[in-house]
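Below is one structure; the comments refer to it alone.
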Amino acid sequence: MAGLRALSLDRVSKHYGPARALDDVSLTVAGGEFLTLLGPSGSGKTTLLMSIAGFVAPTGGRILLNGQPIQHLPPERRNFGMVFQGYALFPHLSVARNVAFPLEVRGTPRAEIANKVKEALELVRLGGFADRLPRQLSGGQQQRVALARALVFAPHLLLLDEPLSALDRKLRADMQIELKSFHRQIGLTFIYVTHDQEEALSMSDRVAILREGKVLQLGAPTDLYERPATRFVAEFLGKSNFLSGTVERRSGESFAFRCNGLLFEQQGGESPVGASVLVALRPERLRVVGDGSQPRNQVEGTTAEFSYLGTSFHLLADTAIGRLAVTIPTWRHGASPVVGGKITLGWDPDASIRVEDD
Ligand SMILES: Nc1ncnc2c1ncn2[C@@H]1O[C@H](COP(=O)(O)OP(=O)(O)O)[C@@H](O)[C@H]1O
Ligand SMILES: [Mg+2]
């Protein structure tokens, strides 16, 4: 496959009249990396991918492949593979002809086409399906044909826009594993768009969180989940409880803040006494006090909802600091809380995360 190319976006913007579909986006994708653009509908993911592909002309900024500006090049000169939502296979052409198409457009000699198509179909494990029509294949197989078609001409990188969103849940999960394994096998740079947070976390080397045309945070899945910078990222990537309060005292690497009359300790520096703070607390980092744990921060409440989900319990408790969502692994749990009963919840100062409000 092609050599590895790094792709950089340098202050890329796309304006539609007063609307900013992309607002000053800068990022670098390393050669061979699996980078995911994650954001809600309308956040600019497709516009960003289409700008990279060359189908959307940015209003400003530069796009560089291995340091060379490419924003003036038409799509076919960029040599990027693309896989879209809904595959867009030619229904009247065989699998082999579908995969051959990009090579035919490029005027590749016949014998070479036959070899490359065979190779690409073997890569996606469809070696025996060359003569079938797309409708004679399952959804997952059609998706693999689309992938073979995007890879057959040895592209510099592969762009994927919500390629799995038309598939049902189970097939989607299988294809996620498959795509990741293709990525590992061919080592090509993948830029992947999704609005599905679990998909982004499970597949990517790094994830860029988009909102209103801006990259809010970019990092490895664990960085983003464990250290979200803002309320939006903490909420968009997983679930979170939020506590807002005022810093009352500081001691070394931690501070105490008051929230609805109660004092809690929080790890992390910077915040001066008197400052307003917002703290994100993941449901799985809360514990039920009395299960053998004595966390530093504690709050009493009443169980409002309780459900058993097999691997975990999920409960909602009304407390002096609001309604808290709690997830407890089944194995760690003692007696089942009763709806309407008293409960004490707790967490340690390093279990919660100070975030910016946005
Ligand atoms: N051709 C266009 N003309 C006007 N506005 C557009 C056009 N394409 C996209 N937009 C707007 O740009 C924003 C980002 O769109 P898009 O990139 O499709 O988001 P996403 O893929 O994240 O759902 C949206 O507000 C959308 O309405
Ligand atoms: Mg889109």
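Heavy-atom basis, side chains included; hydrogens, waters and symmetry copies ignored. From a predicted model like this one, the values you see are computed outputs, not experimental measurements.
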*asked:* Looking at Arg172, I'd like to know if its CZ atom is crowded, meaning that more than 12 non-hydrogen atoms belonging to other residues, nucleotides or ligands lie closer than 6.0 Å.
replied: yes
_Donor-acceptor pair, distance only, cut-off 3.5 Å: does the side chain of Thr327 make one with the backbone of His314?_
no
*Worked check of salt bridge (charged side-chain N to carboxylate O under 4.0 Å, His left out) between Arg231 and Asp358*: CA-CA 6 Å; Arg231 178 197 277 266; Asp358 53 356; 5.3 Å; no
*Around Gln298, counting heavy atoms of other residues, nucleotides and ligands shown, do more than 12 lie under 6.0 Å from its CD?*
yes
_Co-membership, hydrophobic cluster, residues Val215 and Leu64, 4.5 Å side-chain_ = no
_Show every salt bridge (Lys or Arg N to Asp or Glu O under 4.0 Å) that has at least one partner inside residues 250-260, sequence neighbours left out._
Glu248-Arg258
_Glu356 (side chain) donor-acceptor with Ala229 (main chain) under 3.5 angstrom_ = no
*About how many Å separate CZ of Arg354 and OG of Ser254, when rounded to the nearest 0.5 Å?*
13.5 Å
_Side-chain heavy atoms nearer than 4.5 Å, only ILVMFWY residues, links allowed to pass through others: does that put Val326 and Val338 together?_
no
*Judged by atom type as modelled, is there a donor-acceptor pair below 3.5 Å linking the side chain of Lys180 to the main-chain atoms of Ser202?*
yes
*Looking at Leu243, Ile353, Asp357, which one forms a side chain to side chain contact (heavy atoms under 4.5 Å, CB included) with Leu278?*
Asp357
*Within a strict 4.5 Å, meaning less than it, do heavy atoms of the Val279 and Trp347 side chains meet?*
no
*So is Arg282 actually on top of Tyr225's ring, under 6.0 Å and inside 45° of the axis?*
yes
*Rounded to the nearest 0.5 Å, how far does CG of Leu126 lie from CD of Gln141?*
6.0 Å
*Locate the shortest heavy-atom distance separating Leu123 from Phe182; write the atom from each residue and the value.*
O-CE2, 3.2 Å
*Under a 4.0 Å N-O cut-off, is there an ion pair linking Lys45 with Asp161?*
no
*Could you grab the distance from atom CG of Leu7 to atom OG1 of Thr189, nearest 0.5 Å is fine?*
8.0 Å
*What's in the same ILVMFWY side-chain cluster as Leu133, cut-off under 4.5 Å, chained through other members?*
none
*Shortest non-hydrogen contact from Asp348 to Arg296?*
OD1-N, 3.0 Å
*Which residues, ordered by chain and number, are linked to Phe101 in its hydrophobic cluster, where ILVMFWY side chains connect at heavy-atom gaps below 4.5 Å, directly or through other members?*
Phe90, Leu93, Val105
*Hey, mind stepping through Leu281 and Phe264 against side chain to side chain contact (heavy atoms under 4.5 Å, CB included) and telling me if it holds?*
CA-CA 12 Å; Leu281 182 53; Phe264 301 111; over 6 Å; no
*Taking every non-hydrogen atom, the tightest pair across Val299 and Ala320*: CG2-N, 4.2 Å
_Nearest 0.5 angstrom please: Met203 CE to Leu38 CG, how far?_
12.5 Å
*Do the numbers put Arg211 on top of the ring of Phe236, so that NZ or CZ is under 6.0 Å from the six-membered ring centre and no more than 45° off the axis?*
no
_Donor on one side chain, acceptor on other, Gln217 and Thr230, under 3.5 Å_ = no
*Could you pull out the closest heavy-atom pair between Pro221 and Asp205, with the gap in Å?*
CD-O, 3.4 Å
